[in-house]
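Positions are given from 1, in the same order as the sequence printed here. The shown structure was predicted, so the numbers you read here are calculated from the model rather than taken from an experiment.
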Amino acid sequence: MAAPLRRGLALLIAASALSAGCDPSCQRVCRKLVNECEEVETPRQGPEDCEAWCNTQQALYDKWKDTELRQDFSDYKQCVLDEECDAIADGACYDETLYAY
């Protein structure tokens, strides 16, 4: 394999690994929603219940291999981590294409 091709392949693999590592975990997102954001209405009883729904939803999007939905879901989780609870309650992270757990 030619050196430029090997470098390009190495960069692609590194970029894939970095982007996969940036996806916020359901555990972190649910702990914030359930434990810190009392003003955010959620039908889930606790962080474990929320996390189970979140993981199920993520597995579904992964199974469908719908890259747009997977990215939207990742963006939603990042938004929840980045925004204040009041803003989340006001719909700052709302995406009509996603089912919010």
Side-chain angles (χ1 to χ4, degrees):
M1 191 181 302
L5 184 56
R6 277 194 304 260
R7 274 185 264 148
L9 185 58
L11 286 173
L12 181 62
I13 292 170
S16 296
L18 284 174
S19 66
C22 294
D23 190 31
S25 73
C26 287
Q27 181 182 35
R28 286 182 57 212
V29 172
C30 286
R31 291 217 170 141
K32 178 175 181 180
L33 284 175
V34 176
N35 294 337
E36 298 174 26
C37 295
E38 293 179 11
E39 55 273 275
V40 177
E41 291 187 34
T42 175
R44 309 297 159 233
Q45 297 297 317
E48 296 83 14
D49 191 24
C50 173
E51 190 176 338
W53 278 95
C54 177
N55 285 325
T56 299
Q57 186 172 354
Q58 184 156 341
L60 179 63
Y61 293 152
D62 289 345
K63 182 178 177 182
W64 287 347
K65 303 208 182 317
D66 185 328
T67 57
E68 187 174 328
L69 275 176
R70 285 192 307 211
Q71 185 59 51
D72 289 348
F73 192 56
S74 179
D75 292 345
Y76 167 78
K77 292 186 296 179
Q78 188 62 54
C79 180
V80 168
L81 292 178
D82 292 344
E83 290 290 338
E84 298 292 326
C85 294
D86 288 339
I88 297 168
D90 288 341
C93 300
Y94 178 76
D95 183 335
E96 67 184 26
T97 64
L98 301 174
Y99 171 76
Y101 46 92

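- Rounding to the nearest 0.5 angstrom, the gap separating the CG atom in Asn55 from the CG atom in Leu60 is 12.5 Å.
- By the side-chain contact (heavy atoms from CB on, under 4.5 Å) test, Glu68 pairs with Asp66, Asp72, sequence neighbours left out.
- Taking 4.5 Å as the limit, some side-chain heavy atom of Asp49 sits within range of a side-chain heavy atom of Trp53.
- Tyr76 is not connected to Tyr94 by any chain of hydrophobic side-chain contacts under 4.5 Å among Ile, Leu, Val, Met, Phe, Trp and Tyr, and they are in different clusters.
- Cysteines Cys54 and Cys26 place their SG atoms closer than 2.5 Å to one another.
- Under the side chain to side chain donor-acceptor pair (under 3.5 Å) criterion, Asp62 pairs with no residue at all, not counting sequence neighbours.
- Using a 4.5 Å cut-off on side-chain heavy atoms (C-beta onward), Leu98 and Gln57 make contact.
- The minimum heavy-atom distance linking Ala89 with Val40 is given by the pair N-CG2, 3.9 Å.
- With sequence neighbours excluded, no residue satisfies side-chain contact (heavy atoms from CB on, under 4.5 Å) with Thr56.
- Proximity of Ile88 to Leu33: side-chain heavy atoms (C-beta onward) are separated by under 4.5 Å at one or more points.
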Side-chain donor-acceptor pairs under 3.5 Å in residues 78-85, sequence neighbours left out?
from  : atom 1 : to    : atom 2 : distance (Å)
Gln78 : NE2    : Asp82 : OD1    : 2.9
Gln78 : NE2    : Asp82 : OD2    : 3.4

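- The distance from the CZ atom of Arg70 to the CD atom of Gln58 is 9.5 Å, given to the nearest 0.5 Å.
- Listed by first and then second residue, the side-chain hydrogen bond (donor to acceptor under 3.5 Å, both in side chains) pairs that reach into residues 29-38 come to none, sequence neighbours excluded.
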